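Down below is the structure, laid out as structure tokens.
Residue numbers start from 1 in every chain, and the chains themselves are labelled A, B, ... in the order their sequence lines are given, proteins ahead of strands. Nothing here was measured: the structure is a model prediction, and the numbers come from that model.
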Amino acid sequence: MFKDLILNKIESAVTKAVQAGQLPEMEDYQKLLRCEIPKNAEYGDFAVNVSPLAKFARKAPVQIAQIITDNMDFSDADVNVVAGFINFKLTNKVLNSVVEEVLMKKDMYGSNESGKLQKIILEYISANPTGPLHIGHGRWAAMGSALANLLKFSSYDVYQEFYINDAGNQINNLAKSLWIRVLQQMGKPADFPADEELSKNYYTGDYLIETAQNYLKENSEKAEDFAKSCQDVLNPSDEIMKEMAVYAKAQMLKKQQDLLANFRVHFDNYFSELYLHQNGYVDACVKKLEDAGKLYEKDGAVWFRSSDYGDTQDRVIKKNDGTNTYLTADIAYHYDKLKRGFDKLINIWGADHHGYVARVKASIEALGDDPDKLEVLLGQLVNLVENGEQVRMGKRTRMLTLEDLIEEVGVDATRFWMIMRNIDTTLDFDIDLAKSSNDENPVYYAQYAHARSSSILRNACAPRVDVENNSTLSAFFEKEELENLEKTADLNNLWNDSDKDAVSATRELILKIENFKDVVLVASKLRAPYMLCRYLLELAASFHHFYNCARVLNVEKEVMKARLSLVISTKQVLKTALGLIGVSAPETM
RNA sequence: GUGCCCAUAGCUCAGUCGGAUAGAGCGACAGUCUCCGAAGCUGUAGGCCGGCGGUUCAAAUCCGCCUGGGCACACCA
């Protein structure tokens, strides 16, 4: 990366200056220096502000900048000093090397090794298998999968997991609800309680009707027997409950999984909460906390001393009816993750769960591990906007599921919009905009750049029509010729154009391509896939600008070869970046 | 009431460890297709970075207080 290269040059220049007595010894001064891209391109391609050194060097920033520059030997850039800034403008030769690098590394261009050896388990969505995924889940789904791609690209060893909350009361409610739907489908008198309080314990949405139909298709005889034996419709026997629970859970999970696959989200594992209970993991974990002296009894319940570890208060781990709380299973789950040998536990949680972070971290520490291994990304929620107004997800208005949304706006647009914003700002998802295939929709802007680059490459190899003579001309290039451009193209031809705009657009585009490496690195470090979206829009803009300033085809042959090399590089980076966020890179649109 | 997050152009948002004149997109206005895809490009207008203090050579950025919004404060999951 050029940024690193420049900082290295500065460091050796400083060393030289210190030896020459022009600058005093400065401890850890490197930390103060940052290589950045100037907002104003007139200053150059990169800049380093040396003002922070003024205090230690006891000199004015301009002087320091001048001393460093005088001691610098840097043939790859024009260097100049403005105030406390050292500005760098790279030579064309170095810019050529960027294009060469992309052509050589192809799919791997932009990847880095910063995450080497770190084993990460990334947990996200983790919905109850009690109904369809909603739009909020969609944000975690898109972000989580994009983050996984991104981290892998930075050489992290990423394992993606979905925690199924398939134990507890909600499942009983699901089973009861399915039973009512099954009876209804059999034509028997059955309905949810009319009382509003009581009906809260049922899933009254239509989606269980289909599940009931499927159940009857496969189990009609069994259902008849159940129906005969059932005395109280609202309180079926344990046998019926178990049957309904197992069936409903499996169906709901299957539906969720199918939808996620369609949404380009792939988990390495679906981890069942029930499994934790059934294998005694939860009890074992409670025992371990007890042995560590971190539990006590009060009011008939068992409490965990989470406040010993920074939580605002202690938490109940066993209710006075003897059953575990949700937290208990969660503690066991995270303990299990650690036992599986992961270095980092990254969770994506909705902001409404932020209160849980402290207690789960507390449990990790109480169980003798490092709480900093747990990294929770708290995501703000999604507001749906339609016709310029917020669609409340409440009971009265229509229920829009993730499936509905994807059907309405498509996978690409949904994913892009879900990832586009920083995770800690509330996302306004404007359905009308996301659906629109016009210039208001950023997804198409990025994809269009890819389609356009593809189109140029197609045209380069296609026979041409001579309108004046109504005859056919041969193509500019054979396919093989294009594939071997990195060997035959002389990239110096990028810079021969007397048109200043063409040259500066070329510079801008190449620098943007080079910037990709830095974006991947920073976005990985900050766990911020939204940066990829912003980058894509910037890269697309640079490409469109280049396209309008510099003709690629039907110019002098050597110029064509050089510019086609750049088009191929751009197309590659667009494709890689789109791939990381799970959005398709179309050849045509 | 307490804790977490947020407040930047008419709207939606960037601004990575404090640094040069605060940036995009949309919307508005004005240009631009006998030429590789006009889903594009070029230009103009638009800002007391919610308010007040503080730290600093330097604050949208850090600290304190205030205002306005979101979320959470269960022996629910």
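Open room surrounds CD on A:Glu478; 12 or fewer heavy atoms of other groups in view lie less than 6.0 Å from it.
The residue A:Asn165 sits apart from the nucleic acid: no heavy atom pair falls under 4.0 Å. A:Ala301 comes within 4.0 angstrom of a base, heavy atoms only.
In this structure, B:C33 is classed as syn because its glycosidic torsion stays within 90° of zero.
In this structure, the separation between OG1 on A:Thr130 and OH on A:Tyr203 is 3.5 Å, given to the nearest 0.5 Å.
A:Ile423 has its CD1 atom 15 Å from the P atom of B:C13, to the nearest Å. We find that CG of A:Asp424 is positioned 12 Å from P of B:C13, with the value rounded to whole Å. The nearest whole Å value for the distance from the OH atom in A:Tyr530 to the P atom in B:U16 is 8 Å. The nearest whole Å value for the distance from the CD atom in A:Glu508 to the C1' atom in B:A24 is 13 Å.
Relative to the side chain of A:Asp299, the nucleotides B:C75, B:U16, B:C71 differ in distance, and B:C75 lies closest. For A:Asn128, whose side chain is taken as the heavy atoms from C-beta onward, the closest listed nucleotide among B:A77, B:C41, B:G15 is B:A77. The side chain of A:Glu273 lies closest to B:A77, out of B:A14, B:A77, B:C75.
Mapping A:Ala167 and A:Glu538 onto RNA chain B by nearest heavy atom places A:Glu538 closer to the 5' end of the strand. For the pair A:Arg315 and A:His354, both in contact range of RNA chain B, the more 5′-proximal nearest nucleotide belongs to A:His354.
Pairs of Watson-Crick or G-U wobble type, with distances under 3.5 Å, assemble into runs of 3 or more in RNA chain B at these ranges: B:1-5 with B:69-73, B:10-13 with B:23-26, B:28-32 with B:40-44, B:50-54 with B:62-66.
Listed for the A:His545 side chain is no donor-acceptor partner under 3.5 Å among the backbone atoms of A:Ala541. A distance-only check finds no donor-acceptor pair linking the side chain of A:Asn347 to the backbone of A:Trp349 [under 3.5 Å]. A donor-acceptor distance shorter than 3.5 angstrom exists from the side chain of A:Ser454 to the backbone of A:His450, with no hydrogens or angles considered.
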Set out, line by line, the N/O atom pairs under 3.5 Å between protein and nucleotides 30-37 of chain B.
unit_1 : atom_1 : unit_2   : atom_2 : d
B:C35  : O2'    : A:Arg551 : NH1    : 2.8
B:C35  : O2'    : A:Arg551 : NH2    : 3.2
B:C36  : O4'    : A:Arg551 : NH2    : 3.1
B:C36  : O3'    : A:Asn459 : ND2    : 3.1
B:C36  : O2'    : A:Asn459 : ND2    : 2.6
B:C36  : O2     : A:Val552 : N      : 3.4
B:C36  : O2     : A:Leu553 : N      : 2.8
B:C36  : N3     : A:Val552 : N      : 3.1
B:C36  : N4     : A:Tyr547 : O      : 2.5
B:C36  : N4     : A:Ala550 : O      : 3.3
B:G37  : OP1    : A:Ser455 : OG     : 2.7
B:G37  : OP1    : A:Asn459 : ND2    : 2.8
B:G37  : OP2    : A:Asn459 : ND2    : 3.4
B:G37  : O2'    : A:Tyr448 : OH     : 2.5
B:G37  : O2'    : A:Arg452 : NE     : 3.0
B:G37  : O2'    : A:Arg452 : NH2    : 3.3
B:G37  : N7     : A:Ser455 : OG     : 3.0
B:G37  : O6     : A:Met589 : N      : 3.3

Under-3.5 Å N/O pairs linking protein and nucleotides 19-23 of chain B:
unit_1 : atom_1 : unit_2  : atom_2 : d
B:G19  : O2'    : A:Asn49 : ND2    : 3.0
B:G19  : N9     : A:Asn49 : ND2    : 3.2
B:G19  : O6     : A:Pro52 : N      : 3.4
B:A20  : OP2    : A:Lys39 : NZ     : 2.9
B:A20  : N6     : A:Asn87 : OD1    : 2.9
B:A20  : N1     : A:Asn87 : OD1    : 3.2
B:A20  : N1     : A:Asn87 : ND2    : 3.3
B:U21  : O4     : A:Asn40 : ND2    : 3.2

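An OP1 or OP2 oxygen of B:U16 is reached within less than 4.0 angstrom by no side-chain nitrogen or oxygen of A:Tyr535.
B:G10 and B:C48 are spaced 8 Å apart, taking the P atom of each and rounding to whole Å. Going from the C1' atom of B:A22 to that of B:G46 covers 14 Å, rounded to whole Å.
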